[in-house]
Protein chains: 2
Amino acid sequence: MQPADSEDAAPRQRVQDEIRRDIIFGALPPGTRVTEAALAAKYGISRVPVREALRMLEAEGFVESKPYAGSTVSKIPVDDAEDLFFVREALESATARRAAHRAAAQFDSGAPSVEWWQARKVLAAVLDEGDAAVAQNRLDLLPELNIRFHLGVAELSGSASLTALLRQIAGKIEWLYATDVDRRGKESWSEHRSILAAIDSGNSANAEQLMADHVHQSKVGYLDRFSVDKNSALSPEPTFAP
Amino acid sequence: MQPADSEDAAPRQRVQDEIRRDIIFGALPPGTRVTEAALAAKYGISRVPVREALRMLEAEGFVESKPYAGSTVSKIPVDDAEDLFFVREALESATARRAAHRAAAQFDSGAPSVEWWQARKVLAAVLDEGDAAVAQNRLDLLPELNIRFHLGVAELSGSASLTALLRQIAGKIEWLYATDVDRRGKESWSEHRSILAAIDSGNSANAEQLMADHVHQSKVGYLDRFSVDKNSALSPEPTFAP
DNA sequence: TTGTGTAGTTTCGTATACAAACTATCGTGT
DNA sequence: ACACGATAGTTTGTATACGAAACTACACAA
């Protein structure tokens, strides 16, 4: 029963999450210079934990640091988005496939394992929370819920490594998602339920395809919005043609 | 003309690289408890930069930290290796394809760009260095050269994002590679030249295939060596059957 | 305009101190 | 003998202060 959110956690973890949120939701626009002293003052802590938080965010790709020159918020990876979506498609297709495979195995072997059932329950709750958020037009809640869904599927896949890899790019996924949530948020969210249904049914091929399409649609929507014109030359996956 | 290696760089960067090396090459076996005080004493610096280095290594997945309980070297991702190779296959197939595509574009448009030529020259040097290392049986040099080759291909692809993503898992790739270098190192290295040749020729399909096979062979070799018996249940890619 | 020098700012590292939380050891009770 | 809990020791997490090092920006001269 961990807090899951940052409430009274350790200062370093807290400010790290806060800064990341500020970056993701635009309070700290790309290119902004962030100084240790200012952050320390803002969050009422000393500079040491701020430095460590910045090192973590640097490794996550949210800020860029030059020795003795300080840190700046990374540029939104607009032109890199295509690559990110490409990797994500490969990664998440795999998690969906394995999750479906594992779900079938769980039901075949009589009693589902405790941790599987736990993860499955969490996923159901996330889905309900998201539906409620959509119903109340609280689209600002979707970015985090979206990440929790996709990480939940990864958990369900049983692969610690796939989960870890997805977690590594989860922040940037959320970042991109937040910039596009008012356009494709509702539609995108509704696709989650059918993905989970396919996983539950144990149809791994179907789950994989649905997840691939889901990510692909996010990609198309994003690239369309920011009108990146290079999608004709290098599109890596002609998953389906009209 | 940056140092490229850690010689008189900033202490934090230096110890970060040192600790990572010690982990990769087995001086710090998985499960080892690393205390800040000990590291600070060993490298002759204070605790603050040590802590920052540990935070970076934590984000890279080399150490795991629990609040107030310290850091331990992560377990070798033997059981996760399969997933890592899977992602790598997707990632590096893409870099090879794009690198070939870009190479063709460079030659088509008369004069190659300066940075492309630079990257291409570095890659040639790495290849020669590796051949020399193989000739002198200095297999211990191969892990780093291997990473430099693959990152070099990513550079050549021109995609900053693919490069960044590959860099994120580069450390773990090197870790796995180092455990297997005496078995498959020479054979694996010889494949690099043909990959680069395919890229140079501009044959993107061929380059992609060769890279995919190259990574796939690494995967098979690794899983075979450590005789992971679960490859029957969850093998993600039945690429070819005997 | 271009180059250079200087002042100011910020990061980086050190040292010290103390509170908080974990780990391991040792006893006690059943 | 074994499980359980208190306790001491260790380690981390944070605060604070200070100095050195390096980058940035601005002014000035050729």
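Every chain is numbered from 1 and lettered A, B, ... according to where its sequence line falls, protein lines coming before strand lines.
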| remark: Ranking D:dA22, D:dG13, C:dG13 by distance to the side chain of B:Glu52, first place goes to C:dG13
| note | Distance col, row B:Phe85:CZ vs B:Lys172:NZ, nearest 0.5 angstrom, shows 12.5 Å
| said: Without decimals, in angstroms, what is the distance between A:Gln13 CD and C:dA21 P? | reply: 16 Å
| Centroid separation A:Phe107 to A:Trp116 less than 6.0 Å | yes
| Length of the line joining A:Arg33:CZ and D:dT24:C1', which is rounded to integer Å | 8 Å
| request: Between C:dC12, D:dT12, D:dC23, spot the one nearest the side chain of A:Arg55, thanks. | output: C:dC12
| task | Map A:Pro67 and A:Gly44 onto DNA chain D by nearest heavy atom, then report which one ends up closer to the 5' terminus. | result | A:Gly44
| said: Any side-chain N or O of A:Lys66 below 4.0 angstrom from OP1/OP2 of C:dT11? | reply: no
| Candidates D:dG13, D:dA21, C:dT14 - which lies nearest the side chain of B:Val48 | C:dT14
| task | Select from B:Ile45 and A:Ala37 the residue whose nearest nucleotide in DNA chain C is closer to the 5' end of that strand. | result | A:Ala37
| query | Looking at C:dT11, D:dG13, C:dG13, which one has an atom nearest to any side-chain atom of A:Thr35? | reply | C:dT11
| Please give, in whole Å, the distance from D:dC23 P to A:Tyr68 OH? | 9 Å
| message | Between the base of C:dG13 and the side chain of B:Arg47, is one N or O donor paired with an acceptor at under 3.5 angstrom? | response | no
| Proximal nucleotide (of D:dG13, D:dT14, C:dC12) relative to the A:Arg51 side chain | C:dC12
| Separation of D:dT14 P from B:Leu54 CG (nearest whole Å) | 14 Å
| query | Over how many whole Å does the gap from B:Glu36 atom CD to D:dT10 atom P extend? | reply | 16 Å
| Once you round it to whole Å, what is the distance between C1' of D:dT11 and CG of B:Leu39? | 13 Å
| query | For residues A:Glu60 and A:Gln16, is any side-chain donor paired with an opposing acceptor at under 3.5 Å? | reply | yes
| query | Of the nucleotides D:dT24, C:dT14, D:dA15, which one has an atom closest to the side chain of A:Ala69? | reply | D:dT24
| field | Options C:dT10, C:dC12, D:dT14, nucleotide nearest the side-chain atoms of B:Arg12 | value | C:dC12
| Salt-bridge criterion met for B:Glu18 and B:Arg21 (N-O under 4.0 Å) | no
| query | side-chain hydrogen bond (donor to acceptor under 3.5 Å, both in side chains) between A:Ser71 and A:Ser65: does it pass, once the steps are laid out? | reply | CA-CA 4 Å; A:Ser71 307; A:Ser65 301; 2.8 Å; yes
